Amino acid sequence: MLAALTTALGVPRNVLAADDQIEHAWTNLPRLLARIPPEHRSETLVRMCVAVATGLFDAAINYAWNAAVIELREKVRRFGLAVVPQVISKPFDEGALVELKDADLLNLCLKLNLISEDGFFLLDQCRDIRNNFSAAHPTMGALDETEFLSFLNRCAKHALSNERNPKGVDIQGMIAAVKGSRFTGPQLDAWAERLAQTFDAQRELLIGTLHGIYCDPASGEEARVNALWICERLAPSFSPRTKSDLVDRHQDYLAKGDEARHKASQGYFERLGLLSLLGEAEVHALVTTAARNLLSVHNAYNNFYNEPPFAERLAAVTAQNRVPETAQSEFVQAVVTCATGNQWGISTAAMGFYEKMIRSFSPNEIRIMLQLPEQNTIVKSRIQASARCRAQFAQLVRMLDSSSVPTSVRHAYDGWLTVPA
């Protein structure tokens, strides 16, 4: 057919691709088309196949590119046209999308994380090839079947078969919802899911926004709780960049002397189990403050009923991170003093927290504990004045792991093991 057509037109047969080139492309075409989901195999790709069958690789490239551009536009639509202006900081609508040049469309898709950096690089090369070697413009030369197959492979892989399509989050809508009434379970699920599905850059921005709402003294309690709930859902998947941004924000509060926001930010890191991201000086302050508050409540009126929440707080703070060496003395004294109790007994409801902390004592903390009866401490005075306290302290010593006891206090440890419980 091609020979008859070129003869009738009075042109040589070699103006079109040779038969073996057409056969090579046609044989490999099904494999590449199979990578494209059926819903993306449009009329445009049918025309591409016809062009391949007649050896018009320059036309086939143009059809393949058009199919890729159409799908990239659809990805932007699925992302959310109403959300795009919040990302690019300028007006954007359907008309602007259609009028975008191909290069600008690729840049927008990269910014919205609809294509990867590799995909952007390879599709941008395809754009140059289409502009200079396809039937869309006067060509610089001709492409053979191998180059066409490579072109189609890139379009299929990075535009037509890439089903990753994050959806943008309406920032203003999210902030309004967070500052509204307290979330119901389904509402919390919906917003956490939206943030999980959006692209990395927007998710990092929104988590920072939620941190700011939580730390703002002017925020209502419901807004702070909503912001914290969403972040708690996402905390296990926080990226290194997100964690770095949160620490920068936290340190910025400290540098500006904004005590209210800084203290709230500490609570945010504690609730999310991220205290290990803060510096040792900050962790020291948190541990010693929690220890002093616990000891103060323990020495106050009605301590047996008031201790549990303070014991729980200290246990939560120390469970997230190694206790700094500078805070270990206050930490151990508070825990052991409260766990030893007084002549009337101990706070039963708080005892579980004390046991958990004591069992996790490091060798140095064990050394501090075993030296308390030899120093001028509350523990020493209570052990000397009360048989009940002496027996209770011995019971606490039995909770220690024998292999972790330092040599310097081994004699004291062995001595307490002989005291009747």
Side-chain angles (χ1 to χ4, degrees), residues 83 86-87 110-114 116-118 164 166-171 174-175 177-179 183 188-217 219 223-290 312-327 360:
V83 182
Q86 300 176 15
V87 179
L110 177 64
K111 192 168 187 177
L112 300 180
N113 208 32
L114 300 175
S116 64
E117 292 185 1
D118 291 346
R164 185 176 185 274
K167 296 180 181 179
V169 175
D170 183 347
I171 299 175
M174 188 202 74
I175 293 175
V178 168
K179 292 187 175 181
F183 284 162
L188 174 61
D189 292 340
W191 281 111
E193 183 67 18
R194 290 185 186 184
L195 263 70
Q197 289 183 351
T198 192
F199 64 105
D200 296 343
Q202 188 179 44
R203 182 165 51 253
E204 291 162 5
L205 171 66
L206 292 175
I207 289 171
T209 300
L210 293 171
H211 173 261
I213 292 174
Y214 181 82
C215 298
D216 186 357
S219 295
R224 297 180 72 250
V225 170
N226 289 340
L228 184 65
W229 279 352
I230 296 176
C231 291
E232 283 179 330
R233 289 288 188 89
L234 300 175
S237 61
F238 277 0
S239 66
R241 184 169 178 176
T242 298
K243 294 177 181 179
S244 175
D245 179 60
L246 289 173
V247 172
D248 287 343
R249 288 169 172 270
H250 178 81
Q251 294 298 330
D252 192 44
Y253 293 150
L254 179 63
K256 291 179 179 179
D258 193 336
E259 183 62 28
R261 282 184 169 84
H262 180 252
K263 186 175 181 179
S265 184
Q266 286 182 332
Y268 176 92
F269 278 85
E270 180 183 337
R271 288 291 301 273
L272 266 61
L274 299 176
L275 282 179
S276 60
L277 299 178
L278 303 182
E280 189 165 284
E282 292 239 25
V283 178
H284 167 96
L286 285 169
V287 173
T288 55
T289 299
E312 182 179 14
R313 170 80 200 289
L314 181 58
V317 170
T318 56
Q320 295 182 33
N321 197 45
R322 179 186 63 81
V323 177
E325 187 174 345
T326 53
S360 65

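Computed from a predicted structure; not experimentally measured.
Every residue meeting the side chain to side chain donor-acceptor pair (under 3.5 Å) condition with H284, not counting sequence neighbours, appears here in chain and number order: T326. Listed by chain and number, the residues in a ring pair (Phe, Tyr, Trp, His ring centres under 6.0 Å) with Y214 are Y268 (sequence neighbours excluded).
Considering every non-hydrogen atom in both T318 and A315, the closest pair reads OG1-O, 3.3 Å. The two residues L272 and C231 make their nearest non-hydrogen contact at CD2-CB, 3.8 Å. Of all heavy-atom pairs between P324 and V283, the closest is CD-CG1, 3.8 Å. The shortest non-hydrogen separation linking C215 to A264 is CA-CB, 3.8 Å.
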Evaluate side chain to side chain contact (heavy atoms under 4.5 Å, CB included) for V178 paired with I230, printing each intermediate quantity in order.
CA-CA 9 Å; V178 168; I230 296 176; 4.1 Å; yes
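Here the side chains of M174 and L195 are in contact, with some heavy-atom distance below 4.5 Å. Within the 4.5 Å cutoff, no side-chain heavy atoms of L277 are placed close to those of L246. Taking 4.5 Å as the limit, every side-chain heavy atom of R261 sits out of range of all side-chain heavy atoms of K256. Residues N226 and W191 fail the side-chain proximity criterion, which asks for heavy atoms closer than 4.5 Å.
For residues 227-236, every residue pair satisfying the salt bridge (Lys or Arg N to Asp or Glu O under 4.0 Å) rule, not counting sequence neighbours, is listed here: D189-R233, E232-R271.
We find the NE2-CG distance between H262 and L254 to be 4.0 Å, quoted to the nearest 0.5 Å. Atom CD of Q266 is separated from atom CG of L275 by 8.5 Å, given to the nearest 0.5 angstrom. To the nearest 0.5 Å, the span separating OG on S265 from CG on D252 amounts to 10.5 Å. Atoms CD and OG, on E204 and S244 in that order, are 9.5 Å from each other to the nearest 0.5 Å. Distance OG1/T209 to CG/L205: 4.5 Å, rounded to 0.5 Å.
Distance alone, capped at 3.5 Å, places no donor-acceptor pair between the T289 side chain and the L286 backbone. A donor-acceptor pair under 3.5 Å links the side-chain atoms of S219 to the main chain of I213, judged by distance alone.
The aromatic rings of H211 and Y253 lie parallel to each other, with less than 30° between the two planes, well short of the 60° mark.
The number of heavy atoms from other shown groups lying within 6.0 Å of CZ (R322) is above 12.
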